[in-house]
Amino acid sequence: VGSAFNDTLTGRADATVRGGAGADKLIARGNVANARFFGGADADIFEIAASAELSAIDFSGDAGADQFLIGLNSTLVNIS
C-alpha cells in the first residue's frame, strides 16, 4: 500500500497494489498473474518490465496523465 508521496511499488502474483496519492510508479516483473494495480490520484507510471509474462492483470489509474511502459519481449494475456 502506497502513501501520499511518490512511491515505487512492485507487484507479485495474486497481489493488490495501491499507489495512493502522489505520482507513483507501479511495476510488474517476472511472471505475474491475477494481480491488480491501482495508481490513485496524480500522474502515475505503470511499468511492465522487459521479458515479463503477465496474465489476468488489471491496471487502473485515476486523476492525472498516467503512463504505461511495456518492456521488450513481454507477454501479455487478459490485461484490462
Side-chain angles (χ1 to χ4, degrees):
V1 176
S3 67
F5 301 100
N6 300 346
D7 303 306
T8 298
L9 304 168
T10 301
R12 298 175 52 177
D14 301 311
T16 298
V17 178
R18 297 183 187 276
D24 303 309
K25 183 174 186 178
L26 307 178
I27 304 169
R29 67 180 66 183
N31 297 325
V32 180
N34 304 313
R36 301 177 78 186
F37 295 82
F38 299 102
D42 290 322
D44 302 305
I45 297 174
F46 297 94
E47 179 181 318
I48 299 171
S51 300
E53 295 183 17
L54 280 62
S55 62
I57 302 294
D58 179 15
F59 285 99
S60 299
D62 204 336
D66 299 322
Q67 298 178 47
F68 291 85
L69 307 176
I70 301 173
L72 296 174
N73 301 316
S74 294
T75 302
L76 309 176
V77 178
N78 194 21
I79 307 298
S80 60

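Between Ile27 and Arg29, the shortest heavy-atom contact is CG2-NH2, 3.4 Å. A pairwise comparison of heavy atoms in Leu54 and Gly30 identifies CD1-O, 4.2 Å as the closest pair.
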Hey, can you pull the donor-acceptor pairs under 3.5 Å for the side chains in residues 4-11, sequence neighbours left out?
residue, atom, partner, partner atom, Å
Asn6, OD1, Ala23, N, 2.8
Asp7, OD1, Ser3, OG, 3.0
Asp7, OD2, Ser3, N, 2.5
Asp7, OD2, Ser3, OG, 3.2

Solution key, residues 34-47 side-chain donor-acceptor pairs under 3.5 Å, sequence neighbours excluded:
residue, atom, partner, partner atom, Å
Asp42, OD2, Gly22, N, 2.9
Asp44, OD1, Asp24, N, 2.8
Glu47, OE1, Lys25, NZ, 3.1

Give the table of side-chain donor-acceptor pairs shorter than 3.5 Å for residues 14-21, with sequence neighbours excluded, one pair per line with atom names and distance.
none

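Within the 4.5 Å cutoff, the side chain of Ser74 has heavy atoms near those of the Ile48 side chain. Contact of the Asn78 side chain with the Ile57 side chain is not registered, since no non-hydrogen atoms from C-beta on lie closer than 4.5 Å.
The hydrophobic clustering, which links ILVMFWY residues whose side-chain heavy atoms are closer than 4.5 Å, places Leu76 and Val32 together.
Looking at Ser60 and Asp62, their side chains never bring a donor and an acceptor atom within 3.5 Å of each other.
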